[in-house]
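For ligands, and for the atoms within them, numbers begin at 1 and follow the listed sequence. Side chains are part of it too, since the values below use all heavy atoms of this structure and drop only hydrogens, waters and symmetry mates.
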Amino acid sequence: LKRITVAPSNAADDVYDVVVGSGVLETLPELLREAVAAPRFALICDSNVAPLWGGSVRNSVNASGARVDLLVFDAGEASKNRETWAVLSDALLERGVGRDACVLALGGGVCCDLAGFVAATFMRGIACIQIPTSLLAMIDASIGGKTGINVPQGKNLIGAFLSPRMVIVDPAVLETLPDEELRAGLSEAVKHGAISDESYFDWIAENAEQILKRDAAALERLVVRSIEIKTAVVAADPRESGMRATLNFGHTLGHGIEKVLGYRMAHGHAVAIGMALEAALGEALGITSSGTAARIRTVLETLGLPHDLPPEVDPAALIAATSTDKKSRASRVRYALLERPGTIARTSTGSWTHEVTPESVLHLLPHASA
Ligand SMILES: NC(=O)c1ccc[n+]([C@@H]2O[C@H](COP(=O)([O-])OP(=O)(O)OC[C@H]3O[C@@H](n4cnc5c(N)ncnc54)[C@H](O)[C@@H]3O)[C@@H](O)[C@H]2O)c1
Ligand SMILES: [Zn+2]
């Protein structure tokens, strides 16, 4: 069992523990009592996770003597919207849930964000405990206090920061996670190694087979190391004003690819391609040491993740998709770039991100001449 304390460097956000270990869910009643003095819990999960893990979690909350209401929403990113937020919030109101209750977000990243946002807004904010069940949620979405929903204008545009009271991570629940979802989470683990720990990066490459076979010890080690890296970054920069941008490695182009493909490609796959391309971009700009992109491609390949831009992604559309400024399609965009695997490159002025011209990116894309 491992405990990682997240102590945000600002006064506004609360300190909380991430408790990690295979079988840790068996001690849920004690953990809940430690984390929060709530007489009542709202257990929120999606329609896939509810039948798999909802029952046992509900029983352990019951065993702790607290009342628990189980609220289930349809699985999938499409549910991360205002409507589901309203349905869940209304259900809490109808059942007479009060300020002293605690939301238990049991599920993947969609549930972390959605249930977290319900907790952040219900009666101006009630306690929330995250119990992530997908690899991506364990090492990424459940940590750092970002909650929110998607709107037609874009993903995660409405939301709030809410530090969870505790994050409870039991890698044993990964047993039921579909292979594709496991792989998607591994993309973020590669990112963690790439931005801050070369030996972890190499360890993932060397242990890919064990990891993909879901060897319990390998998965636990991966989850712990990735959580250590993510928590260190978010504690240093709780409100995303500097260092947290390093977690965007692979994401500037990754998000662009997702957007161009109408969100049909899995986020983890888009980020994998984004990391390979952004490493190559860094090399082309003389910022990233040569050979880095090749090492990234190799580890992605070993994990069964893509690294090449799919032919259906038009380079010009991709460039446009990375720009937040809709009027100026030719604007420069900031990228988190590597110095080498395990080290992020800072600019001469200390910035965590580099301003890159659209030409530099276009240059690098395979079918840019078309
Ligand atoms: N808040 C943040 O900091 C942050 C960071 C990264 C990603 N996110 C968000 O996370 C979301 C993506 O998360 P995700 O990939 O976990 O998506 P998800 O929540 O949709 O989960 C993926 C799929 O796996 C299923 N699932 C989850 N755990 C399972 C288990 N143990 N067994 C069987 N099936 C299981 C889910 O039902 C779903 O079908 C996106 O909305 C993204 O914006 C947020
Ligand atoms: Zn991501």
Practice task
Would you mind telling me which of His267, Lys230, Lys146 makes a side-chain hydrogen bond (donor to acceptor under 3.5 Å, both in side chains) with Asp140?
Solution key: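 The side-chain hydrogen bond (donor to acceptor under 3.5 Å, both in side chains) with Asp140 is passed solely by Lys230 among His267, Lys230, Lys146.
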Completion exercise
Here the side-chain hydrogen bond (donor to acceptor under 3.5 Å, both in side chains) pairs for residues 154-164, sequence neighbours left out, are Lys80-Asn156
Completion exercise
Applied to residues 115-134, the side-chain hydrogen bond (donor to acceptor under 3.5 Å, both in side chains) test, sequence neighbours excluded, yields Trp85-Thr121
Fill in the blank from the handout: Exactly one candidate in Val68, Asp69, Leu70 meets side-chain contact (heavy atoms from CB on, under 4.5 Å) with Val61; the answer is Val68
Fill in the blank from the handout: Sorted by chain and number, protein N/O/S atoms nearer to the Zn ion (ligand 2) than 2.8 Å are Glu188 OE2, His251 NE2, His267 NE2
Practice task
Look at the side-chain heavy atoms of Ile, Leu, Val, Met, Phe, Trp and Tyr, link any pair under 4.5 Å apart, and say whether Leu364 and Ile296 land in one connected group.
Solution key: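 No, separate clusters.
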Handout entry: Cluster overlap Ile131 with Leu177, hydrophobic side-chain contacts below 4.5 Å
Key =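 Ile131 and Leu177: one cluster.
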Practice task
Would you kindly say whether Ser351 and Thr349 are connected by a side-chain donor-acceptor distance under 3.5 Å?
Solution key: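 Checked: Ser351/Thr349 side chains show no N/O donor-acceptor pair below 3.5 Å.
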Practice task
Mind running salt bridge (charged side-chain N to carboxylate O under 4.0 Å, His left out) on Arg295 and Asp202 for me, showing each step along the way?
Solution key: CA-CA 9 Å; Arg295 280 173 70 188; Asp202 289 335; 3.2 Å; yes
Problem - Derivation and outcome, salt bridge (charged side-chain N to carboxylate O under 4.0 Å, His left out), residues Arg40 and Asp100 - result: CA-CA 7 Å; Arg40 191 165 175 182; Asp100 53 359; over 6 Å; no
Exercise for the section: Quick one, list the residues around ligand 1 where some non-hydrogen atom comes in under 4.0 Å, by chain and residue number. Expected result: Asp46, Asn48, Val49, Leu52, Trp53, Ala75, Glu77, Lys80, Gly108, Gly109, Val110, Asp113, Thr133, Ser134, Leu136, Asp140, Ala141, Lys146, Asn156, Val173, Thr176, Leu177, Pro178, Glu181, Lys230
